[in-house]
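Contents: one structure, followed by commentary.
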Amino acid sequence: MPKDKNKRAGKGLKSSYPYYLANRPVAANTDLDVLDKYSGKRATRVALADGAAVRKAIVAGYQAREAVAAFPPDARRDVLEHCVQRFTERFDELALALCIEAGKPIRDARGEVTRLIDTFRIAAGEATRPGGEVVELQISPRTRGYRGMVKRVPVGLCGFITPFNFPLNLVAHKVAPAIAAGCPFVLKPSEKTPIGALIIGEILAETDLPKGAFSIMACSNDDAAQLVEDERVALLSFTGGLVGWDLKARAGRKKVTLELGGNAACIIDDEPGASLDHVVERLVFGAYYQSGQSCISVQRIYAHAAVYDRLRKKLRAAVAKLRMGDPREESTFIGPMIDEKAAQRIESWIAAARKGGAKRLAGGDRAGNMMSATLLENLPRDSDLYRKEAFAPVAIMEPFDDFEQALDKVNDSDFGLQAGVFTGRLDHAMRAWDRLEVGGVIVGDVPSFRVDNMPYGGVKQSGLGREGVRYAMDDMTEQRLLVIRDPVG
């Protein structure tokens with residue numbers, strides 16, 4: 001493993017990081033401060049790309065599209081396998097970077113690095129898997145003797161914009177499929193958490209990808225607008241807030257995929273299909289891991305009246321025991337939120353809900369950007385905490401009497417990403433699959449469950465398109481038809 005010649009800043013990060021323009025590191029400046037989210041102190045500095053640099057990246061990627069498309073599938077696989085190897089070698093470094101720049105508890109950080117590796121490994125397998133089909137055209141006497149075949153071809157240059165909460169894996173779900181599909185890309189990671197993406201860029205720079213195949217650069221939103229509006233970008237993939245709909249409106253003719261968050265609900269039936277202790281364990285994970293800063297974090301809990309009181313007692317006790325503190329410590333479950341503004345927002349939502357009649361069962365305290373794990377019940381249905389995405393360590397509880405009523409409650413949302421259902425009844429599981437207006441129904445677990453090869457995405461305000469390597473590759477490719485007329489006959 002090559003030794004890092006750059007001086008380390010404090011606890012594991014380099015003192016500065018370049019951006020990557022057309023596969024090459026560019027130490028243009030050190031204008032962007034990246035903060036340690038727990039201490040609030042500067043952890044490192046990153047080169048910030050300006051509009052001219054973003055424009056150069058787009059030009060380089062556009063010019064590279066034929067070379068990247070022609071880069072053989074086995075060579076793409078080798079690039080992805082190289083990344084798997086190097087991520088594995090740099091596992092602890094990547095986990096610590098997450099811990100520092102995102103404030104993610106170290107156990108969660110290790111889990112995300114594992115998923116990064118999984119995603120690139122899945123993509124390596126997909127890179128050499130043929131995509132296409134034979135189409136039967138002989139459907140009438142007029143078409144006898146004709147044969148049809150369809151293959152998938154790369155769509156061209158892709159523009160990627162990713163948020164702060166999964167600085168490795170959300171990047172991986174765009175970058176790895178692009179490499180497997182043969183698409184050059186320009187990636188803008190969050191300015192709050194750019195380090196993970198830049199380490200991925202450092203590793204990609206070790207490979208023989210064609211020049212211009214990738215650029216990874218933190219930049220302002222104004223400068224990133226070029227990724228949205230430039231017609232040379234063939235596909236825009238955005239993960240973030242509801243501003244994504246505005247980006248789609250500005251994107252012109254390019255393909256657009258959006259993952260825009262959720263307000264995830266979980267149903268606990270009168271026959272949950274598991275012990276309440278297990279259900280509580282999973283709800284605690286789903287609602288509070290990485291301080292609830294996940295699009296599929298459990299936000300709304302609907303429990304049948306037959307189990308509600310027992311579940312509330314057990315869940316309240318479990319939430320009160322969660323340890324909040326330094327994310328570097330193994331025993332920490334609740335780390336900092338991304339910044340104090342985010343914590344203040346959720347504090348105000350909690351206060352408004354309580355003013356409207358909500359009852360606090362646990363937590364609700366804030367210190368800086370630290371927000372304690374919070375559990376409430378009896379929320380007004382028009383409150384922000386009920387209607388919007390909390391993106392914080394907060395969950396709400398509500399009883400129901402009838403399973404159909406619970407399904408209605410889940411659907412009473414502008415969002416539709418994933419939903420969880422604990423039930424021991426097959427008919428209820430199938431009914432939930434039929435009726436819930438979400439991209440995925442998770443039976444026997446919380447909506448926060450995800451495997452990186454499954455189709456993942458939402459409906460309604462949660463977005464359009466699907467992540468999951470093979471499904472993302474479908475968006476990054478187009479069908480090309482070949483029709484051949486048999487000259488004989």
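Side chains are part of it too, since the values below use all heavy atoms of this structure and drop only hydrogens, waters and symmetry mates.
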In Å and rounded to the nearest 0.5 Å, what is the [atom1] to [atom2] distance from [X] to [Y]?
X	Y	atom1	atom2	answer
Leu322	Ser291	CG	OG	10.0 Å
Asp339	Met337	CG	CE	8.0 Å
Gln293	Asp108	CD	CG	11.0 Å
Leu247	Leu258	CG	CG	7.5 Å
Leu21	Ser215	CG	OG	5.0 Å
Asp474	Arg152	CG	CZ	5.0 Å

Considering non-hydrogen atoms only, spot the tightest contact between [X] and [Y] and give its length.
X	Y	answer
Pro154	Ala181	CG-O, 3.2 Å
Arg250	Ala225	NH2-CB, 3.4 Å
Lys37	Ile338	CD-O, 3.4 Å
Ala22	Ala60	CB-CB, 3.8 Å
Leu198	Tyr19	CD2-CA, 4.1 Å
Arg107	Thr332	NH2-O, 3.6 Å

State plainly whether the residues [X] and [Y] are in salt-bridge range, i.e. N to O under 4.0 Å.
X	Y	value
Lys254	Glu231	no
Glu329	Arg323	yes
Arg76	Glu81	no
Lys192	Glu101	no
Arg121	Glu126	no
Arg232	Asp230	yes
Arg450	Glu467	yes
Asp36	Arg328	yes

Is there a donor-acceptor pair under 3.5 Å between the side chain of [X] and the backbone N or O of [Y]?
X	Y	value
Ser462	Gly416	yes
Ser372	Asp365	yes
Glu389	Gly262	yes
Asp31	Ala47	no
Arg45	Ser16	no
Ser190	Pro163	no
Glu112	Ala109	no
Arg470	Asn453	no
Asn411	Glu437	yes
Gln418	Gly439	no

Charged tip of [X] within 45° of [Y] ring normal and under 6.0 Å:
X	Y	value
Lys460	Phe415	no
Arg65	Tyr62	yes
Lys104	Phe166	yes

- prompt: Would Asn23 and Leu204 count as a side chain to side chain contact (heavy atoms under 4.5 Å, CB included) if you check the C-alpha gap in whole Å, the side-chain angles of each, and the deciding distance to 0.1 Å?
  reply: CA-CA 8 Å; Asn23 306 35; Leu204 287 176; over 6 Å; no
task: Please report the C-alpha distance between Leu385 and Lys388 in whole Å, then the side-chain angles of each, then the deciding distance to 0.1 Å, and finally whether the side chain to side chain contact (heavy atoms under 4.5 Å, CB included) criterion is met.
output: CA-CA 6 Å; Leu385 195 53; Lys388 298 181 180 180; over 6 Å; no
- prompt: Where do Leu235 and Val256 land on the side chain to side chain contact (heavy atoms under 4.5 Å, CB included) test, with the steps shown first?
  reply: CA-CA 6 Å; Leu235 176 141; Val256 177; over 6 Å; no
With a 4.5 Å heavy-atom cut-off, do [X] and [Y] have their side chains touching?
X	Y	answer
Ile296	Tyr456	yes
Val438	Leu417	no
Val113	Leu98	yes
Lys56	Met217	no

message: Can you see whether Lys255 engages Ser237 through a side-chain donor-acceptor pair at a distance of less than 3.5 angstrom?
response: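 Note: Lys255 and Ser237 side chains miss the donor-acceptor criterion.
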- request: Please report the C-alpha distance between Asn165 and Ser294 in whole Å, then the side-chain angles of each, then the deciding distance to 0.1 Å, and finally whether the side chain to side chain donor-acceptor pair (under 3.5 Å) criterion is met.
  value: CA-CA 7 Å; Asn165 58 319; Ser294 167; 5.3 Å; no
Distance flag, aromatic centroids of Phe333 and Tyr288, threshold under 6.0 Å: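 Between Phe333 and Tyr288, which both carry aromatic rings, the centre distance is not below 6.0 Å.
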task: Please lay out, stage by stage, how Arg300 and Asn263 fare under the test side chain to side chain contact (heavy atoms under 4.5 Å, CB included).
output: CA-CA 7 Å; Arg300 295 176 292 147; Asn263 182 352; 3.2 Å; yes
query: Got a sec: does the CD of Glu229 have more than 12 other heavy atoms crowding it under 6.0 Å?
result: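 Yes - once you tally the heavy atoms of other residues, nucleotides and ligands closer than 6.0 Å, there are more than 12.
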